[in-house]
Amino acid sequence: MPEAATPLAPSPLCRLADIADGQAKGITWGSGSAREEILVARRDDRAFAYHNRCPHVGTTLDWTPDQFMSADGRHLQCATHGALFRVEDGLCIHGPCAGRSLTPVRVHVEDGAVHLDG
Ligand code: FES
């Protein structure tokens, strides 16, 4: 009887080094109806991930690929109406959706790669 195949380790979303410190990167994950647009922000050796969907009217946040940060680099910013979100918890602290939050995606960093939590 053949041995059962070893399950493949889940693919990382990206390498942490793919994201400049203080910046964020957009990632398309999955395909078909399971396709998701995700953004991953980096702060030192930590990664914070959210669905790339503004809680105001649901547009993606980036005005051009991988441009997610406010001019001062402190917050994620929605390109549509300028809402500002804290990187660490996704809370909107300024703009038309103030008090609402980006939808978090649970991730962890392991061996220099950003993985979805199992
Ligand atoms: S769609 Fe993001 S602030 Fe309006």
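Because the structure is a prediction, the values reported are computed rather than measured. Just follow the structure's listing: the first ligand is 1, and inside any ligand the first atom is 1. Side-chain atoms are counted along with the backbone in the values below, which use heavy atoms only and exclude waters and symmetry mates. Just so you know, residue 1 is the first one in the sequence shown, and it goes up from there.
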Residue C54 vicinity, atoms of ligand 1 by number, heavy atom under 4.0 Å: 1 (S), 2 (Fe), 3 (S)
Just to confirm my output: which protein heavy-atom neighbour is closest to atom 3 (S) of ligand 1, and how far is it? H81 CB, 3.4 Å
Heavy-atom contacts with V57 under 4.0 Å: which atoms of ligand 1 show up? List them by number with element. 1 (S)
Heavy-atom contact under 4.0 Å between G95 and ligand 1? no
At less than 4.0 angstrom from any non-hydrogen atom of H56, what atoms of ligand 1 do you find? 1 (S), 2 (Fe), 3 (S), 4 (Fe)
Neighbour count >12 (heavy atoms, 6.0 Å) for atom NE2, H94: no
Other residues, nucleotides and ligands only: do more than 12 of their heavy atoms fall within 6.0 Å of CZ on R43? yes
Is there a side-chain contact between V87 and M69, using heavy atoms and a 4.5 Å cut-off? yes
If you look at every heavy atom in I38 and L13, which pair is closest and at what distance? CD1-CD2, 4.3 Å
What are the two closest non-hydrogen atoms of C54 and L61, and how far apart are they? N-CD1, 3.5 Å
Which ligand 1 atoms are under 4.0 Å away from a heavy-atom of T59? 1 (S)
Does any N, O or S atom in C78 come within less than 2.8 Å of atom 2 (Fe) of ligand 1? yes
Atom indices of ligand 1 within 4.0 angstrom of A83 heavy atoms, with elements: 3 (S)
If you count every heavy atom of other residues, nucleotides or ligands that lies below 6.0 Å from D111 atom CG, does the total exceed 12? no
T80 heavy atoms, cut-off 4.0 Å: which ligand 1 atoms fall inside? 1 (S)
Identify whether the distance between the nearest side-chain nitrogen and carboxylate oxygen of D18 and R15 falls below 4.0 Å. no
